[in-house]
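What follows is a set of notes on a single structure, which appears directly below.
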Amino acid sequence: MQSPPQLFRQGDTYWCEPDPQDTVGSEQKGDRIWLIVSLRSRGNGVVALPLSRHVEKATLPFLITVPSTEITTVDGTQPVDRVALTDQIRNLDKSRLRKKSGAVSRRALLAIFAGIDYMLGRHFPHPKAK
Amino acid sequence: MESGLFEIPTREAKYEANTLGAIDAAVPGETGVIKRTDENLIRQLTRELDKQLLVVLSCRTADEFTKSRREVWDKYFRARRALNDTLNLLVPKSVIRMVSLAAAERVSEELTRYRNSLFRDEVAQQFEFTSWLVNRIQCVAHDIEKAGSPSDKDADIRLSDDFALFTAWGQFHYDCVLASMQFERPIPEKVQGSIRDGLRAWVNASAIIEEALSLRIADSQEGTVEVHDQPWDDEDQELLDSSMRDLDAESSATL
């Protein structure tokens with residue numbers, strides 16, 4: 001087992017491992033990776049959202065499709081297209097993020113931020129109205 | 001040789017998405033700020049655009065749509081660019097903004113009227129998101145204008161090329177939905193997925209223009225997650241544990 005990483009980078013992706021103490025019902029789906037979206041954190045948490053490979057779920061506009069060309073993997077495996085489930089954003093226990101999966105491009109991260117902003121109902125006044 | 005020959009202006013990156021709006025509203029009409037001949041030219045370009053869009057809207061399947069889009073793309077692109085350039089040259093920016101805002105209001109009403117009749121709700125939702133993105137893009141473009149020169153001009157030009165490509169592609173599909181509403185032409189069921197995919201180009205455009213902004217201002221939005229040395233109490237830990245328990249419980253479901 002790898003030791004927990006000390007530093008997280010915004011845009012990196014991790015496998016979220018099951019609680020080592022929990023031997024019941026903790027089998028994780030092997031295809032779910034989490035994208036670090038926060039730039040700041042406190043305590044034991046870091047804010048992330050899941051990148052699902054079930055791209056057919058991108059039926060709502062704020063669920064952002066991330067093409068495989070915008071994803072890199074640390075183990076050299078071929079990335080697959082994914083969808084950023086922006087409405088599943090949550091605080092994750094850093095100690096469960098033991099294995100880095102890779103990263104998404106800056107462009108993909110910015111696209112995901114747009115999805116989050118839209119989901120949250122952020123309003124951008126027209127420049128004229130600024 | 002005169003040195004003046006070498007004073008050709010260098011290419012500048014451009015980030016414009018300022019003439020988006022209902023196609024028929026592209027003619028300022030009663031504003032009285034442009035000549036009749038110019039107005040006729042704008043109307044002619046608008047008609048040419050409509051013609052191309054109605055061709056693709058008559059397709060029944062996704063394959064037909066793809067083929068037809070390929071065929072009309074060049075003419076559409078030229079007509080769109082000519083319309084944008086003509087408007088930018090002949091109509092004051094303030095008038096374009098006024099017309100765009102009025103068009104946006106009308107389009108929003110039409111969307112309410114036609115969603116679920118001319119196209120599915122998914123298309124309407126993607127269209128609404130697109131309108132939101134365009135507004136966001138215009139805000140960032142405004143910030144870019146104010147921010148000054150980029151730190152890397154070559155990178156900026158590459159971004160501006162990508163931006164132009166994605167906005168043109170996104171605009172085509174946006175115009176398809178506008179034309180559907182304007183002419184009350186239903187978008188065939190099998191074509192709606194292609195339209196939604198095309199509208200997604202605006203998501204790329206939005207990300208690209210933000211990349212361009214970060215070439216102009218110090219980007220504090222990138223890097224290692226800062227861990228703040230703030231108190232982390234029992235409540236915080238309980239909430240985090242609860243979040244992780246939920247996650248474990250959901251693990252059998254497919255995310």
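By convention in this document, chain letters (A, B, ...) are assigned in the order of the sequence lines, proteins followed by strands, and residues within each chain are numbered from 1.
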task: Report the C-alpha distance between Met244(B) and Cys16(A) in whole Å, list the side-chain angles of each, state the deciding distance to 0.1 Å, and finish with yes or no for side-chain contact (heavy atoms from CB on, under 4.5 Å).
output: CA-CA 10 Å; Met244(B) 298 312 293; Cys16(A) 184; 3.8 Å; yes
- prompt: So do the side chains of Leu240(B) and Leu92(A) get within less than 4.5 Å of each other, counting heavy atoms only?
  reply: no
query: Would you call Glu211(B)-Arg107(A) a salt bridge at under 4.0 Å N-O?
result: yes
query: Checking heavy atoms, do the side chain of Ser243(B), its backbone, both or neither come under 4.5 Å from chain A?
result: both
- request: Give a yes or no answer on whether the side chain of Thr224(B) reaches the backbone of Arg9(A) with a donor-acceptor pair at less than 3.5 Å.
  value: no
task: Pick one of side chain, backbone, both or neither for Leu159(B), based on which atoms fall under 4.5 Å of a heavy atom in chain A.
output: side chain
message: Rounded at 0.5 Å granularity, tell me how far CD in Glu210(B) sits from CZ in Phe113(A).
response: 9.0 Å
Flag side-chain contact, heavy atom, 4.5 Å: Arg40(A) against Val227(B): no
- request: Might you point out which heavy atoms bring Arg42(A) and Pro231(B) nearest each other, and give the distance in Å?
  value: NH1-O, 3.0 Å
- prompt: Around Asp234(B), counting heavy atoms of other residues, nucleotides and ligands shown, do more than 12 lie under 6.0 Å from its CG?
  reply: no
field: Trp34(A) CH2 to Leu247(B) CG distance, which is reported to the nearest 0.5 Å
entry: 5.0 Å
- prompt: Does a side-chain N-to-carboxylate-O contact under 4.0 Å join Asp246(B) and Arg90(A)?
  reply: no
task: Against chain B, work out which of Gly43(A), Ser38(A), Gly11(A) has the most heavy-atom pairs shorter than 4.5 Å and name it.
output: Gly43(A)
- line: Turns out that what part of Gln237(B) lies under 4.5 Å from chain A's heavy atoms comes down to side chain
task: Keeping the roles fixed (side chain from Trp132(B), backbone from Gly121(A)), state whether a donor-acceptor pair exists under 3.5 Å.
output: no
query: What part of Ile36(A) lies closer than 4.5 angstrom to a heavy atom of chain B: side chain, backbone, both or neither?
result: side chain
task: Of all the heavy-atom pairs spanning Ala58(A) and Arg200(B), show the shortest one and how long it is.
output: O-NH2, 2.9 Å
field: Residue Glu238(B) excluded, over 12 heavy atoms near CD under 6.0 Å
entry: yes
query: Is Pro61(A) close to Arg196(B) at the side-chain level, that is, under 4.5 Å between some pair of heavy atoms?
result: no
Where Ala114(A) and Ser206(B) come nearest, the two heavy atoms and their spacing: CB-OG, 4.2 Å
task: Would you indicate whether Glu189(B), at its atom CD, is surrounded by more than 12 heavy atoms from other residues, nucleotides or ligands within a distance under 6.0 Å?
output: yes
Pair Phe62(A)-Gln125(B), side-chain contact (heavy atoms from CB on, under 4.5 Å): steps then yes or no: CA-CA 10 Å; Phe62(A) 55 82; Gln125(B) 287 194 35; 5.7 Å; no
query: Can you name the closest pair of heavy atoms from Thr59(A) and Glu122(B) and give their distance?
result: O-CG, 4.1 Å
- line: Closest heavy-atom pair, Ser41(A) versus Val225(B), reported as atoms and distance to 0.1 Å, is OG-CG1, 3.8 Å
message: I'd like to know if Arg96(A) and Asp248(B) make a salt bridge, using a cut-off of under 4.0 Å between side-chain N and carboxylate O.
response: yes
field: Nearest heavy atoms of Val203(B) and Ala111(A), plus distance in Å
entry: CG1-CB, 3.5 Å
- request: Nearest 0.5 Å please: distance from the CG atom of Leu110(A) over to the CD1 atom of Ile209(B).
  value: 11.5 Å
- request: Examine whether an atom of Leu199(B) lies under 4.5 Å from a heavy atom of chain A, and if so say whether it belongs to the side chain, the backbone or both; otherwise answer neither.
  value: neither
query: Where does Arg245(B) contact chain A at under 4.5 Å (heavy atoms): side chain, backbone, both or neither?
result: neither
task: Output the option from Ala108(A), Gly115(A), Gly45(A) having the highest count of non-hydrogen pairs under 4.5 Å with chain B.
output: Gly45(A)
4.5 Å side-chain heavy-atom contact, Phe129(B) and Met119(A): no
statement: Residue from Leu60(A), Asp117(A), Val46(A), Val83(A) scoring the most non-hydrogen pairs under 4.5 Å with chain B is Asp117(A)
- prompt: Using non-hydrogen atoms only, which part of Asp162(B) is less than 4.5 Å away from chain A: side chain, backbone, both, or neither?
  reply: side chain
